[in-house]
Amino acid sequence: MPYRAPVVLLLVAFGAACHSAAVPQGEPAPRRRPNIVFVLADDHAAHAIGAYGSRSARTPSIDRLAAEGQRFTNAFCGNAICAPARATLLTGRHSHAHGVVDNAAVFDPSLPTFPKALQQAGYQTALVGKWHLKSDPAGFGYWEVFPDQGQYYDPELRSPAGTRKVEGYASEVVTDLALEWLEERDPTQPFLLCLHHKAPHRSWEPGPKELALFRDELLPEPETLFDDYTTRSSGAAAQEMSVARHLSDYDLKLGRPVPKRPADLAEWRATYDSENAGLLASPLEGADRTRWNFQRYLKDYLRCVAGVDTSVGRVLEWLDSHGLAEDTLVIYASDQGFFLGEHGWYDKRWMYEEALRFPLILRWPGVIEPGTVDGHLVSGIDLAPTLCELAQAPALPGTQGTSLAPLLGPTPPATWRDAIYYRYFEYPEPHRVEPHFGVRTTSEKLIEFPRLSATEFYDLATDPHELHNLAASPEHSARVAQLRQRLAELRLQFDDVY
Ligand code: CA
């Protein structure tokens, strides 16, 4: 039977306006500050997780985390590319406020972040894997990160001691390093471990243990693989991120094999060589080639996801075997979502659902009811204030988010935010996605494209795939005006006014 934490215990645990003297006699002692394991995948769409409804993904360990914890179904990033979204998770600020508006910007290492706050509050802090913010990580007692995007096979890792090459597959290498650090940490103090995967980022190079997945299978296609972009602004058709036309031979594994070691190379060849030979012998065109590209792309993406899932399983087993599962908050998230053929696309960037939504699962036995599904509107700016509150660290200066701690208890608050804010900047390279900003409520979305003087409005309840832009519909003009006003308010609230 699930354990439901007493409200008073939760309040103490969350550092709310309640002190230990308020705990009635006979109640359990106040919960200690949790250890925190923050697993962050790169470009892992929520709809590529079994627990979020994927028909194809193999994610038993992430699904276990969801079954034992709380799964947020409406967690949305504020800018769907890597560096801005990551800086947002660290600082609790939107892109314009932390300054990393695109992937070219350098993160200001002097900004307040949750790892710094937790370190100052007595946590041992570690970061392994993807960083992607150009400046050196700050706030970590130990860090070892991939330079820039890093490599999948035999990756280089950068640390204060310099750069070294580690033999192996990236998702396994960072997991090994994370578990080594856990073994060597001081067990008397709480810890924050940031285990940040490269996978399943482009160019989706699966590990040797996952290469055999999906061979000779046909994965289901999304309904919008052949979207023609009617009713949308002109930007949707002008992008350069289509499965049909913009995947390179390298992306599609049509060039030289990546692995060097013989066993890895044999797995690689067994997966790709005969399919590639078949394509060469009988070239495909039009929709047939798009379908071939889609199968190759999605299988590789999901193979990379399976490698991340194996890593999650190893971490959960380590916590179990060391008696730490009860004392540890485990978070699984991605920096943003990704298109898995929807609208004919790979990549992210757009405010459309598949890129906007990111997976967010929290497990904390004794506090979070197992199997909780939470539909509150959550933003990437919320994670940093949440972790500061749960770790009983001081609030971060400049944070724009709201702590999710009240949502983790048995009685969620009666009121919550009605809308989230989004803004995408990076243009024209690398994918010619028009800059845009917008607002999403629980059931609607308004997007403004300032360079195009275009607006899009979607009723997500009746049009979940966002195929019918209703911005010009007289029937919806009043609602469009209201959402424009709400968007203007959000821009004022977050001081994103130019
Ligand atoms: Ca990313």
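First listed ligand is number 1; within each ligand, the first listed atom is number 1.
- Using the six-membered ring where Trp is involved, His44 and Tyr332 have ring planes that are perpendicular, over 60° apart on the 30 and 60° scheme.
- Aromatic ring pairs are classed by plane angle as parallel below 30°, tilted from 30° to 60° and perpendicular above 60°; the pair Phe338 and Tyr301 is parallel.
- Ring centers of Phe107 and His132: at least 6.0 Å apart, outside the cut-off.
- Remark: Arg202 is not positioned above the aromatic ring of Tyr346, lacking an NZ or CZ atom under 6.0 angstrom from the ring centre and at most 45 degrees off the axis.
- The SG atom of Cys82 and the OD1 atom of Asp43 meet at the Ca ion (ligand 1) at an angle of about 100°, given to 10°.
- Ring geometry, Trp350 versus Trp345: the interplanar angle falls under 30°, so the pair is classed parallel (tilted spans 30 to 60°).
- Under 3.0 Å from the Ca ion (ligand 1) lies no N/O/S atom of Ser334, from backbone or side chain alike.
- Closest to the Ca ion (ligand 1) among the N, O or S atoms of Asp335 is OD2.
- Nearest N/O/S atom of Asp42 relative to the Ca ion (ligand 1): this is OD1.
- Look at His132 and the Ca ion (ligand 1): no N/O/S atom of the residue is under 3.0 Å from the metal.
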